[in-house]
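Computed from heavy atoms alone, side chains included, the values below leave out hydrogens, waters and symmetry copies. Worth saying up front: this structure is predicted, and the values here are computed from it rather than measured. Numbering of residues begins at 1 and proceeds along the displayed sequence.
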Amino acid sequence: MTRRKAGSQAAFIATEVPLGAQHVFNEHFETVNQSSILSTSGVAALILGAAAMSSCNKETESEIYQDPVSLAVTAFNLKADIDNPGLDSAYFAIDLQHGVIFNADSLRKGTKIDKVVADITFASTVSEAVIEMSGGTTREGEIDYKSNPSDSIDFTGNVVLRVKTDENSAGISYRIKVNVHNTDSDSLYWDKTALASLPSRLGSPRRQKTVQAGRQTVSIIEEKDGTLTLSTTDDLEAYNWTKREITLPFTPDISTLTATDDRIWMLDTTGSLYSTDDMSVWTDTGEKWSAMLGGYIGTVVGLRISDDRTEFAQYPLTNLRISEIPDNFPVSGTSNLVTLANKWTSSPVAFFAGGILRDGTYSDVTWAFDGSEWVQLGHGGIPALESASVIPYYNYRPSSDGKTMIEYSVWMLLGGRKADGTFNRTVYISYNNGVNWATGATSLQLPEEIPAMVGVDNIVSAREMSANISDAWKKSARRQARIKVETDGDIVTWECPYIYLFGGYAPDGTLYDTIWQGVLTRLTFTPII
């Protein structure tokens, strides 16, 4: 699939790039003669020269192209309403070629649009502007907008704006669509119908551990009869697991299963560290550890006991500064280790949260590893707990002016057991890589159907989604920042990150034989190109 780019003469104009004002239709319009999409800046139409349009084929083009400037709507906004917040924050694109005015980023769920006042700017040559409403819940009929610009419009049905000039009595029409989300766009949605069982051979497994190894998801499962199953897939959505019984040359501690890009690692029940690159031949590394913390750039990091002291460990050893762990460093029950790598970090930084200290105290600290040493990153914001699950994901926050939504990489934390033995049901979120945590919004919390659990594994996997944007004004949309997007004609394809939760244990120690999948609703919306 190739990404098409609009030609250098494309006549779509935007003086600012707010959420919803980027141009969904730009893939349609390759030349000046083919396109006219305006932003709501109010000055865009002034840049469209009549000379460029005069070269159009008069036999095939409609009146909208014969005189676009004199009939142009140059800006469209909704006026603020104290009883209906958010109306004036919506940005509207104006598609002259198709005669459509629309807000690409929908208004929040529940926004009332049956009595809304619009602020419409025309070319000075427009002499007549009539709004026709039909099929609405509150009113139908016509409004003479030039005479009654403060009259309310019912956008729950079909709304058409017809404009004329003294020289062009036929005029042109614009369809006006005010999009409203059907769901909370920033809710974390868990699909009950997509619930699946763990990929065991026999059903009702006792224990499991699932990790991401390169492009493959790998599960090792202890079956109800005590045998082991290796299950792998490179397509979580299709649930096409390859399963086979395996026999290991050691007694594994399944909870320590860890993956780096090209190897799988695991401790046995005595702490010996084993590794494999093909899941068939396991090698004893000669290391003996007391705890596995996770993978870091082709190595694994953990703890070992040496001369009656617990110290940091890494294999293969690269830049780790070996030293005794501090008193407030957990020796067990830490969350999964997640890694941050971006252009501002000289080397990736790995993080975990919580755990149990040597004296049995539960920790609320987040620790970070930069390749050479471990440092305390922050504490508090989450309860002191063991075996929580930290999920690298995305969330959105309003900009300082409240008119756009900005995408952030975030950590989410869920599950885990507190010091009093109760299970954590709250989802916490960090926007600064674990330095500070806060309770996530209500829309991010787990539904009642997902039980409280400890030791649940998570995998974030991209699912390819697509949409036809030839009539994209009918669709919800969102600003696209980090997630890969490609276009081919009218088809836009993007990678939508889904969260998969594997297993987890109940208060009585029973393994939940479940895989849940969830996604931030906004990420499923058609991207704004």
Side-chain angles (χ1 to χ4, degrees), residues 19 86 108-110 181 183-192 194 334-340 351-355 362-368 377-400 402 404-418 422-461 478-479 481-483 496-502 504 514 516-525:
L19 185 64
R108 62 177 177 79
K109 179 184 177 182
H181 285 306
T183 60
D184 183 347
S185 60
D186 294 306
S187 65
L188 195 58
Y189 172 67
W190 299 90
D191 189 351
K192 291 182 288 185
T334 59
S335 75
N336 55 305
L337 190 68
V338 291
T339 302
L340 166 70
F351 308 84
F352 72 76
Y362 280 57
S363 172
D364 63 358
V365 174
T366 300
W367 287 88
L377 199 63
H379 68 90
I382 58 172
L385 76 177
E386 66 161 321
S387 301
S389 186
V390 175
I391 305 171
Y393 206 55
Y394 300 93
N395 201 26
Y396 293 78
R397 278 180 165 179
S399 62
S400 58
T404 64
M405 296 295 286
I406 300 174
E407 184 180 275
Y408 290 88
S409 294
V410 298
W411 303 130
M412 294 181 182
L413 180 147
L414 55 83
R417 179 168 29 225
K418 302 176 186 178
T422 61
F423 278 25
N424 169 49
R425 279 200 59 85
T426 303
V427 175
Y428 296 87
I429 190 167
S430 174
Y431 286 88
N432 55 8
N433 303 306
V435 175
N436 301 104
W437 292 92
T439 301
T442 301
S443 58
L444 296 179
Q445 300 303 313
L446 296 177
E448 293 181 359
E449 293 79 14
I450 298 182
M453 47 193 166
V454 64
V456 63
D457 299 323
N458 76 80
I459 301 291
V460 177
S461 179
R478 63 182 177 86
R479 177 182 293 236
R482 298 174 177 85
I483 302 185
C496 181
Y498 272 72
I499 301 170
Y500 294 83
L501 299 181
F502 288 80
T514 54
W516 292 91
Q517 67 175 32
V519 65
L520 192 70
T521 306
R522 183 183 293 274
L523 294 171
T524 66
F525 298 156

Visitor: In Å, rounded to the nearest 0.5 Å, how long is the span from CG of L385 to OH of Y428?
Guide: 8.0 Å
Visitor: Is the shortest heavy-atom distance from the side chain of M453 to the side chain of L501 under 4.5 Å?
Guide: yes
Visitor: State, yes or no, whether a side-chain contact exists between P392 and N458 at a heavy-atom distance under 4.5 Å.
Guide: yes
Visitor: Side chains of L446 and R425: does their closest heavy-atom pair fall under 4.5 Å?
Guide: yes
Visitor: Check V338 against V390 and note the closest heavy-atom contact, atom names and distance.
Guide: CG1-O, 3.7 Å
Visitor: Shortest non-hydrogen contact from E449 to W516?
Guide: O-CZ2, 3.5 Å
Visitor: Do you know the tightest heavy-atom contact between A353 and S335?
Guide: N-OG, 2.9 Å
Visitor: Nearest heavy-atom pair of P497 and V519: which atoms, and what distance?
Guide: O-CG2, 3.6 Å
Visitor: Would you give the length of the straight line joining atom OG of S387 to atom CG of N424, rounded to the nearest 0.5 angstrom?
Guide: 12.0 Å
Visitor: What I'd like to find out is whether the side chain of N336 reaches to under 4.5 Å of the side chain of S389, using heavy atoms alone.
Guide: yes
Visitor: From N432 CG over to L340 CG, what is the distance, rounded to the nearest 0.5 angstrom?
Guide: 11.0 Å
Visitor: Would you give the length of the straight line joining atom CZ of F352 to atom OG of S363, rounded to the nearest 0.5 angstrom?
Guide: 7.5 Å
Visitor: Find out whether Y393 and V460 are in side-chain contact, i.e. whether some heavy atom of one side chain is under 4.5 Å from a heavy atom of the other.
Guide: yes
Visitor: Do V435 and T366 make a side-chain contact, defined as non-hydrogen atoms from C-beta onward lying under 4.5 Å apart?
Guide: no
Visitor: Any idea which heavy atoms bring T439 and Q445 closest together, and the distance?
Guide: CG2-NE2, 4.2 Å
Visitor: Would you give the length of the straight line joining atom CD1 of I429 to atom CG of N395, rounded to the nearest 0.5 angstrom?
Guide: 4.0 Å
Visitor: Here's a test for you: under side-chain contact (heavy atoms from CB on, under 4.5 Å), which of L414, I459, L520, I391 qualifies with I499?
Guide: I391
Visitor: At what distance, to the nearest 0.5 angstrom, does CH2 of W367 lie from NE2 of H379?
Guide: 11.0 Å
Visitor: Can you give me the closest heavy-atom contact between I382 and D364, atom names plus distance?
Guide: O-CB, 3.5 Å
Visitor: Given Y431, which partner from the list W437, Y408, W411 fulfils the ring-ring contact (aromatic ring centres under 6.0 Å, His included) test?
Guide: Y408
